[in-house]
Every structure is written in C-alpha cells, then in structure tokens.
Colleague: 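Structure below; questions to follow.
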Amino acid sequence: GAIIPSLRGGKEFPSGFVKYAHLVECSDNSMSVVFTTLGGLAAAFRFELSHDNTMVMKKLWSSEDALGSVSSAIFLDEMHAMAVQSSTGGDLADNADDEEETALRNLQFVDRIQSQLSSLKKFAFGGGAFESLASLALLSKEKKAERDAAFGFAKIAVLLSERLHRIIALDTADKGRVVWSMNLHPTASWHKMVHGGQFVSLNDPHGNGGVHDHEMLTLSYVDDGSSSFMEWICFDGISGRVFSSDTIPVSSSVVQIVPLRALAHHSHETKSCRQVALLVHSDQSVSVVPETARSYTIVNEAMPAATHQNGLFVHTVDKKSGEFHALQLSKKGGAELKPGSNPFELITVGTTIFDPSQEKIVNVVYPRRGEVMQSPSTVLGDDALLLKYLNPHIMVVVTEATKSFLSEVAPLSDGIGESGDGFYDTLAAGQYSSSSLGQKRKPLGASKPGTDASPINAPGNAITPSLFVSLVDSVSGQILHRVSHAHALASDLAEGAASTRVPVVISENWIVYTFFNHRTRRTDVGVLTLHEGMIDKNGITAFSAPEQELSFSSLESAKPIVLSKTFGLAKAVTAVGVTTTKAGVCAKQFLFATANDQVVSIDRRMLDPRRPNGDLKESEKMEGLMKYSPLLPIIPLRTPSHIYEVSSVESISTASANVESQSLVIAYGGPDVFFTRLAPSKGFDLLPDDFNRGLLTIVLVGLIVLLNVIQRMNKKKMVSLVWS
C-alpha cells in the first residue's frame with residue numbers, strides 16, 4: 001500500500017517534502033520502504049530493530065527521476081573546485097567569501113614558491129622520488145584522478161529538468177555521481193540556466209564566463225494569473241552553494257535572455273551576483289537580473305560608450321505571429337544606473353516576418369558562443385584559399401508550410417502549371433537564393449539542397465517545397481540565405497498536428513540539419529557552408545595582397561556565398577551535435593542521435609558539400625575530397641555509444657578538455673544520460689590507460705644503471721691507460 005507521511009525530507013532527502021512512502025517488505029523486526037519526494041528523488045531504506053530495541057536505518061539505493069527529463073546542460077571545470085588552504089596562515093584564506101576567492105588568493109607569488117619548495121622537499125626527503133617511480137609503473141586510481149583533473153577530463157555537468165523543476169550536478173569523472181541537487185520554484189512556467197557572457201569564449205582559461213568560471217544564475221518565470229514575477233538564484237555550479245536569491249516583478253512575458261558578466265572579479269554582496277541576465281520582454285521593455293546598481297553598470301559596460309563597439313543588439317522571435325525584430329539597446333538620456341530607474345530602451349533596427357498563414361516556425365538555433373576556430377580559411381588542393389564567412393550573429397530559423405497553404409499550391413506536386421503564388425513558384429523554380437543573385441560563376445560543389453546531379457527545376461519535375469531553412473542575421477534582421485526541401489511533411493498531416501522535428505547545429509561556417517523525407521523513407525542530412533569568396537594561389541605574395549575588410553558589420557558586409565548538398569542517412573535522427581576541442585585543430589566530427597537508441601559520429605569530410613559528383617581531379621585528391629555518395633555510412637567503429645542503448649536523446653552538448661585531442665560529449669533528454677570522451681583525430685597527445693608503464697620504468701632504470709656502469713668502466717680504463 002501507500003503511506004502519505006507528513007514529514008520533511010531532512011538530510012537524506014534534500015529534495016524537499018516526502019510525497020509518498022511505499023511499504024515494500026515487512027516482518028516482525030524489519031521493513032523496507034521506498035520514499036518519493038516532490039523534487040523527483042526516489043530512495044529505498046531498510047529499517048531494522050537492533051538487540052537494544054533501537055531502530056537502525058540503512059539506505060539501499062536512490063534514484064533521481066529528474067535525470068530522465070533533462071532539458072539543458074552546462075559543463076564546468078572541476079579543477080577550480082579544488083581550493084587549498086593558504087600556507088601563509090593569514091586572513092586572506094580565512095576571510096575568503098567562497099572557494100573561488102580562496103583559489104585566487106592562493107595564486108600569490110609567495111604561496112606558489114612555498115608550495116613548490118614543499119613539493120621539492122617531499123620529493124627529495126619524504127619518499128616522493130620512490131612514489132614518482134612507482135606511479136610510472138602503475139597508474140593508480142589517485143593518479144588517474146589527478147590526471148583527469150589536470151587534463152580537463154573531470155567536469156561537473158550541471159543539468160536542468162524543467163519538467164520536474166530541479167537542477168542536478170553530476171561528476172563526469174566519477175561515473176556520473178550526483179554531486180548536489182537543488183529544487184526550483186514548483187509552479188514556474190519555465191526555468192533557464194544562465195552562464196557566461198555574450199562575447200566571452202566558453203574555453204576562456206581566465207574565467208569570465210568560460211568552463212572555469214563556475215558562478216551561475218537560474219531564472220524561474222512564475223505567472224499565477226493575476227501577477228507574474230521572476231525568481232532568480234545565484235549559485236556555485238561546482239558545490240551547489242547558493243550565494244543569493246530574490247524575486248522581481250515582470251510586466252510581460254520574457255522573449256529573450258542575454259547573458260552578461262562582469263569583466264572584473266569582485267566579492268559577493270547581498271542580493272547580487274557576478275552573473276547577470278538582461279531580460280527582453282514581449283512589450284519591448286527590458287529588465288536586469290539581479291536588479292542592483294552593479295548589474296546595471298555591467299549592462300552599461302556592454303554598450304558602445306564603454307566598449308567602443310557598434311552597440312549591444314538583441315532580438316525577439318514570436319513563433320505564433322512569425323515576427324522577428326532586431327533591436328538595439330540604448331541608455332535613456334539623463335537616466336541613472338540604479339534599481340527601479342528603468343534606464344534602458346530598445347530601438348528597432350530591422351524586422352522580418354514569416355507569414356503564419358503560409359509557414360510556421362518550428363525551430364530557432366544559435367551558434368555556440370566563443371567557439372574556437374583554427375583558421376579563417378580553407379586551403380584547397382591547388383593552394384588557393386576559400387575564405388570562411390564568420391558571422392557571430394547568424395541564426396537559423398526553420399519553418400514548415402501550413403497544411404492549409406499546401407492544399408492551395410497542390411498542383412505543383414504534379415509538375416503541371418503554376419500555383420499562382422509567386423513565393424512558392426520562385427522556390428520551386430530554384431531561383432530564391434539571396435546570396436546567389438548576381439553570381440557569375442557557380443562554385444565547386446554548389447547545388448540545390450535535396451537534389452542530385454540533375455536539376456529539379458527541369459520541366460515536369462517541379463515539386464512543392466514544404467520545409468524552409470532560413471539564415472537570419474540577428475543584428476540587421478535580414479535573411480542572408482534561404483533553402484527549401486520537399487517531402488518533409490506527411491501527406492496525411494492534419495492541421496494543428498505536431499511540428500516536424502528538425503535538429504540543427506552551427507559550427508564555424510557550417511550548418512548541418514536533418515529531417516525525415518517521407519518520399520524516400522529515410523533521413524536527409526542537409527549541409528550548408530558559408531564563404532566570403534576565394535583567393536587564388538598567386539593572390540597573396542610578398543609584394544601584393546587582396547583588399548580585405550578587417551572588421552565585420554552585419555549592416556554593411558556582403559551576404560555569404562553558400563555551398564550546399566544533401567545526404568541520406570538510413571536511421572531517423574533525434575539530435576545533432578559537433579565535437580569541440582581546445583584549439584580547434586583536430587578534425588571535427590558531427591554527432592547524430594538515432595531513433596534506434598545509438599549515438600553515432602560522422603567525420604566532417606564526409607559531409608563536405610564540395611564533394612564532386614564526377615571523377616576526382618588531381619587537386620581534389622590532394623585536398624582529400626571524396627567522390628559524392630548520396631548515402632552516409634554508419635561505421636560501427638565510430639559509434640561512441642558502443643553497445644549501450646541511449647533512449648530518446650533530444651540534445652547533445654560538447655566541451656573541450658585541456659588537451660587538444662579530446663572532446664567531452666553528453667547526450668540527454670530521454671530516460672538516459674550518456675557521457676563519453678572522444679578523440680576525433682586520435683589521442684596524439686595522450687598516452688592510453690593501458691600503456692605499459694612498467695616496461696617503460698624498467699627500461700629507464702636499466703638505461704640509468706647501464707650508463708653508470710659504462711662511466712665507471714671508462715674511468716677505470718682511463719686510469720689504467722695513464723699508469724701504463
């Protein structure tokens with residue numbers, strides 16, 4: 001049966017109140033009970049009566065139900081959680097308000113010198129030399145943990161479950177051990193985690209919003225009908241320690257959250273946080289969280305008066321009305337930077353409308369902030385340079401045609417006549433491509449997405465497009481490029497049915513997306529690469545160089561040249577990701593979560609839209625291009641999930657390690673959370689765990705002994721030669 005107790009969870013149940021208690025087993029002197037809490041934690045306990053008539057409780061197991069509904073994940077570096085006490089013994093370490101303050105103070109020159117002297121003393125006189133040789137022969141668990149922390153393999157994955165209103169932190173180096181958990185507002189409409197800054201690299205080794213900076217902010221929007229407010233919590237992502245929390249009233253719904261962060265390190269204050277969020281509301285008003293004078297100053301620093309940049313731009317996307325507004329944040333004249341003063345306003349820069357009667361927005365995707373890129377160009381086989389189009393403000397808007405509008409243009413599917421709608425006639429003819437207008441020469445590998453070598457706009461082959469992928473500049477609001485696909489919607493799709501799932505990932509100048517083709521009954525993988533142009537192999541010499549813009553402007557720069565191709569995949573895809581490395585030198589691999597509960601990886605070279613349809617030329621062979629094949633092979637050796645089944649994956653997140661060869665991957669969204677470490681270009685800078693360290697130790701010791709013996713023999717021989 002079920003028992004409904006009226007007790008608080010306490011130490012064993014940090015999730016909150018116990019909701020149910022299920023009696024599993026009962027005897028004269030013992031019983032087993034399974035407890036479930038409001039926070040989604042389930043745990044089994046066994047209660048036994050001891051000889052002295054006291055009750056002994058033993059925890060059998062526990063399970064976090066929130067791990068089965070993770071909506072977002074953020075990686076943090078565990079190395080910065082290992083703060084040590086200052087050897088000076090002064091007030092610097094004692095008065096630190098958190099572990100980060102202590103770690104920063106331990107970086108002082110005196111502390112570092114004393115730490116190195118202590119390590120040298122231990123090595124010389126405390127048996128450290130023998131321990132070092134022993135560690136070479138055998139990689140113990142302790143040494144492996146130290147290596148994982150030093151190489152950046154030990155990460156804390158902070159996971160958010162919006163459905164169960166809960167945040168959970170997992171230790172990736174300890175088989176997913178739950179480090180801490182925290183409940184959020186139980187009646188909130190949505191929750192979001194905010195970390196980093198708008199213009200800060202995620203791999204910034206000096207903090208300021210990278211994986212090493214572990215102060216985070218969570219937002220919970222609550223609307224009880226009569227009023228609405230935003231509850232925020234500022235916490236440490238490594239330990240789960242809450243620094244401050246509060247609520248602020250909001251006038252309308254939030255349509256965009258802009259992460260900002262203080263450039264200078266400072267201690268905590270009451271109801272303050274180093275992580276700041278700028279909230280854009282549906283009525284085009286703005287608010288700042290936390291609502292403090294310091295937060296307003298951080299927002300003001302991101303504007304042109306302090307940064308000498310073009311400004312701080314935001315945007316809003318209304319999926320129902322299809323309206324996209326590009327906005328610029330500005331400070332009101334004479335306004336003071338203090339709470340309640342409302343010193344900021346929004347100015348409209350551009351507007352784009354996706355007509356909701358013709359198409360509806362199903363997905364909006366942004367690039368990773370601060371992605372590390374190895375080169376701004378691609379070297380071709382003939383030594384020419386293909387320049388990458390690198391726009392940090394680009395975003396992908398995926399729309400699908402409405403069922404009612406498809407019925408109006410149905411004659412196109414028979415390839416007879418025209419639909420009478422100029423918009424669809426242009427798309428069907430393959431002429432709508434804003435980046436190809438006025439192009440005199442077709443670049444190598446450029447073709448219409450979803451086609452083979454034969455053009456789709458030939459007479460009698462016209463089809464009705466039903467899925468559209470638009471590249472939008474979020475600063476200017478203009479559409480940079482737009483492609484369409486047919487057969488992306490089922491013919492019997494009812495009006496108001498669930499939208500088509502189109503996973504998208506943006507990496508450098510690459511855009512990869514997938515959708516299910518109802519005609520071929522397989523998954524189509526669309527690939528777009530954006531370029532500025534090309535420089536001939538003789539274009540750059542010691543005496544001449546082409547004119548190039550040193551700065552990029554979303555309002556003035558030219559639109560990109562887009563190369564595109566579509567490939568087929570035999571498995572249905574639920575999520576797409578891409579590997580990330582520290583310096584971006586390693587070859588990238590795109591990750592696909594398939595419907596048969598696997599996570600597979602495909603080398604980026606297999607998805608190159610420049611793969612030629614005909615026989616390879618010599619320059620193409622030198623570049624490493626492969627002949628185009630419409631089907632992408634799934635190679636078992638490139639299946640990161642191996643024999644494990646990872647069910648219903650909805651998102652794939654990646655992070656870099658401190659060594660270039662390794663990339664950390666976590667897949668989540670369904671009942672399983674899968675974590676692994678990949679080497680896209682193999683482990684060229686890392687010894688494997690099964691490396692024969694014992695043999696290496698024997699060889700080193702043998703060489704040292706042999707060297708000493710040879711020196712003694714040589715010295716003895718020289719003495720005898722002198723005396724003779």
Side-chain angles (χ1 to χ4, degrees), residues 197-200 251-260 276-288 296 298-335 337 342-356 359 361 363-370 389-399 432 434-435 437 468-482 506 509 511 530 532 549-560 562:
Q198 188 182 26
F199 310 106
V200 177
S251 57
S252 59
S253 60
V254 178
V255 293
Q256 191 193 19
I257 301 174
V258 181
L260 296 172
V276 176
L278 178 68
L279 308 182
V280 181
H281 301 275
S282 57
D283 59 357
Q284 294 195 1
S285 61
V286 295
S287 57
V288 181
Y296 281 101
I298 294 175
V299 176
N300 188 61
E301 289 175 352
M303 297 172 62
T307 61
H308 302 288
Q309 299 175 353
N310 294 330
L312 179 60
F313 292 86
V314 298
H315 63 272
T316 63
V317 180
D318 192 337
K319 292 186 177 182
K320 292 183 179 180
S321 63
E323 295 183 359
F324 174 89
H325 297 281
L327 309 167
Q328 182 180 10
L329 184 70
S330 63
K331 181 182 176 183
K332 297 178 180 178
L337 299 177
N342 191 20
F344 304 112
E345 61 180 355
L346 296 175
I347 302 175
T348 302
V349 178
T351 301
T352 297
I353 298 179
F354 299 91
D355 191 348
E359 53 185 333
I361 300 176
N363 197 7
V364 179
V365 181
Y366 302 90
R368 286 173 55 91
R369 286 173 290 150
Y389 178 82
L390 303 173
N391 184 353
H393 309 296
I394 199 170
M395 56 184 289
V396 176
V397 180
V398 182
T399 59
Y432 188 88
S434 59
S435 65
L437 296 177
F468 310 97
V469 178
S470 304
L471 310 185
V472 182
D473 191 299
S474 61
V475 171
S476 63
Q478 61 179 334
I479 297 180
L480 302 176
H481 187 75
R482 185 173 170 94
I506 304 175
N509 64 321
I511 299 173
L530 315 181
E532 289 186 2
E549 294 289 341
L550 300 180
S551 61
F552 176 84
S553 173
S554 295
L555 303 176
E556 300 176 357
S557 298
K559 294 181 179 180
V562 181

Colleague: How about Ser470 and Val396: do any of their side-chain heavy atoms sit closer than 4.5 Å?
Modeller: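 They are not in contact (no side-chain heavy atoms under 4.5 Å apart), so the answer is no.
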Colleague: Can a side-chain donor-acceptor contact be found between His281 and Ser251 if the only test is distance below 3.5 angstrom?
Modeller: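 Note: Ser251 and His281 side chains miss the donor-acceptor criterion.
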Colleague: Say whether Thr316 and His325, considering side chains only, have a donor N or O and an acceptor N or O under 3.5 Å apart.
Modeller: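 No, no side-chain donor-acceptor contact under 3.5 Å.
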Colleague: Tell me, with the steps shown, if Ser476 and Ser554 meet side chain to side chain donor-acceptor pair (under 3.5 Å).
Modeller: CA-CA 6 Å; Ser476 63; Ser554 295; 5.6 Å; no
Colleague: Do Val398 and Ile361 come within less than 4.5 Å of each other through their side chains, counting heavy atoms only?
Modeller: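 Of all side-chain heavy-atom pairs linking Ile361 with Val398, none is under 4.5 Å.
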Colleague: Thr352 and side-chain contact (heavy atoms from CB on, under 4.5 Å): which single residue from Val397, Ile479, Asp473 fits?
Modeller: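 Of the listed options, the one satisfying the test is Ile479.
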Colleague: Could you pull out all residues at least two apart from Lys331 that satisfy side chain to side chain contact (heavy atoms under 4.5 Å, CB included)?
Modeller: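 Residues passing side chain to side chain contact (heavy atoms under 4.5 Å, CB included) with Lys331: Asn300, Met303, Leu337, Phe344.
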Colleague: What are the two closest heavy atoms between Leu346 and Gln284, and how far apart are they?
Modeller: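 Looking at all heavy atoms of both residues, the closest pair is CD1-O, 3.5 Å.
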Colleague: Glu323 side chain to Ile353 main-chain N or O, any donor-acceptor pair under 3.5 Å?
Modeller: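 Flag not set: sc Glu323 to bb Ile353 has no pair under 3.5 Å.
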Colleague: Locate the shortest heavy-atom distance separating Met395 from Ser474; write the atom from each residue and the value.
Modeller: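 The answer is SD-CB, 3.7 Å.
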Colleague: Any side-chain heavy-atom pair from Lys559 and Gln478 closer than 4.5 angstrom?
Modeller: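 Lys559 vs Gln478: side chains touch.
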Colleague: Using the ring centroid of each side chain, check whether His393 and Phe313 are separated by less than 6.0 Å.
Modeller: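 Centroid distance His393-Phe313: not below 6.0 Å, so no.
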Colleague: A side-chain contact here means heavy atoms from C-beta on lying under 4.5 Å apart; do Val276 and Val288 qualify?
Modeller: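 Sidechains of Val288 and Val276: in contact.
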Colleague: Does the pair Arg482/Glu359 count as a salt bridge with the N-to-O cut at 4.0 Å?
Modeller: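 Yes, this pair counts.
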Colleague: Check the pair Phe552 / Leu390 against side chain to side chain contact (heavy atoms under 4.5 Å, CB included), numbers first and verdict last.
Modeller: CA-CA 9 Å; Phe552 176 84; Leu390 303 173; over 6 Å; no
Colleague: Can you name the closest pair of heavy atoms from Leu260 and Ala302 and give their distance?
Modeller: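 Answer, listing the atom of Leu260 first, then Ala302: CD2-CB, 4.2 Å.
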Colleague: Nearest 0.5 Å please: distance from the CG atom of Leu278 over to the OG atom of Ser287.
Modeller: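 Nearest 0.5 Å value for the CG-OG distance: 7.5 Å.
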Colleague: Any side-chain to backbone donor/acceptor pair from Asp283 onto Ser252? Under 3.5 Å, distance only.
Modeller: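 Not a single qualifying donor-acceptor pair exists.
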Colleague: For the atom pair CG (Leu327) and CD (Glu345), what is the distance rounded to the nearest 0.5 Å?
Modeller: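 Rounded to the nearest 0.5 Å, the CG-CD separation comes out at 11.5 Å.
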Colleague: Could you please spell out the steps behind the side chain to side chain contact (heavy atoms under 4.5 Å, CB included) verdict for Leu279 and Val255?
Modeller: CA-CA 8 Å; Leu279 308 182; Val255 293; over 6 Å; no
Colleague: Pair Leu471, Leu530 - check side chain to side chain contact (heavy atoms under 4.5 Å, CB included), show working.
Modeller: CA-CA 10 Å; Leu471 310 185; Leu530 315 181; 3.7 Å; yes
Colleague: Report the residues that fulfil side chain to side chain contact (heavy atoms under 4.5 Å, CB included) with Pro356, sequence neighbours left out, ordered by chain and then residue number.
Modeller: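 For Pro356, no residue satisfies side chain to side chain contact (heavy atoms under 4.5 Å, CB included) once neighbours in sequence are set aside.
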Colleague: Taking all atoms of both residues into account, what is the closest heavy-atom pair of Ala558 and Tyr389, and its distance?
Modeller: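 Shortest heavy-atom separation between Ala558 and Tyr389 comes out as O-CE1, 3.6 Å.
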Colleague: Given side chains that start at C-beta, do those of Val286 and Leu329 come closer than 4.5 Å, heavy atoms only?
Modeller: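 Val286 reaches Leu329 side chain to side chain.
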Colleague: Can you find a pair of side-chain heavy atoms, one from Val317 and one from Phe354, that are under 4.5 Å apart?
Modeller: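 Side chain of Val317 against side chain of Phe354, heavy atoms only: no contact under 4.5 Å found.
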Colleague: Taking all heavy atoms of Ser330 and all of Ile347, pick out the closest pair and write down the distance.
Modeller: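 Taking Ser330 first and Ile347 second, the nearest heavy atoms are OG-CD1, 3.6 Å.
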Colleague: Is there a side-chain contact between Ile394 and Tyr366, using heavy atoms and a 4.5 Å cut-off?
Modeller: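 A side-chain contact under 4.5 Å is absent here.
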Colleague: Using only atom types and a distance under 3.5 Å, with no angle test, would you say the side chain of Ser553 pairs donor to acceptor with the backbone of Leu555?
Modeller: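 Yes; judged by distance alone, with no hydrogens or angles, the pair exists.
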Colleague: Do Lys319 and Val364 come within less than 4.5 Å of each other through their side chains, counting heavy atoms only?
Modeller: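 With C-beta onward as the side chain, the pair touches.
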Colleague: Apply the test side chain to side chain contact (heavy atoms under 4.5 Å, CB included) to residues Val299 and Glu301: give CA-CA distance (whole Å), side-chain angles for both, the deciding distance (0.1 Å), then the verdict.
Modeller: CA-CA 5 Å; Val299 176; Glu301 289 175 352; over 6 Å; no
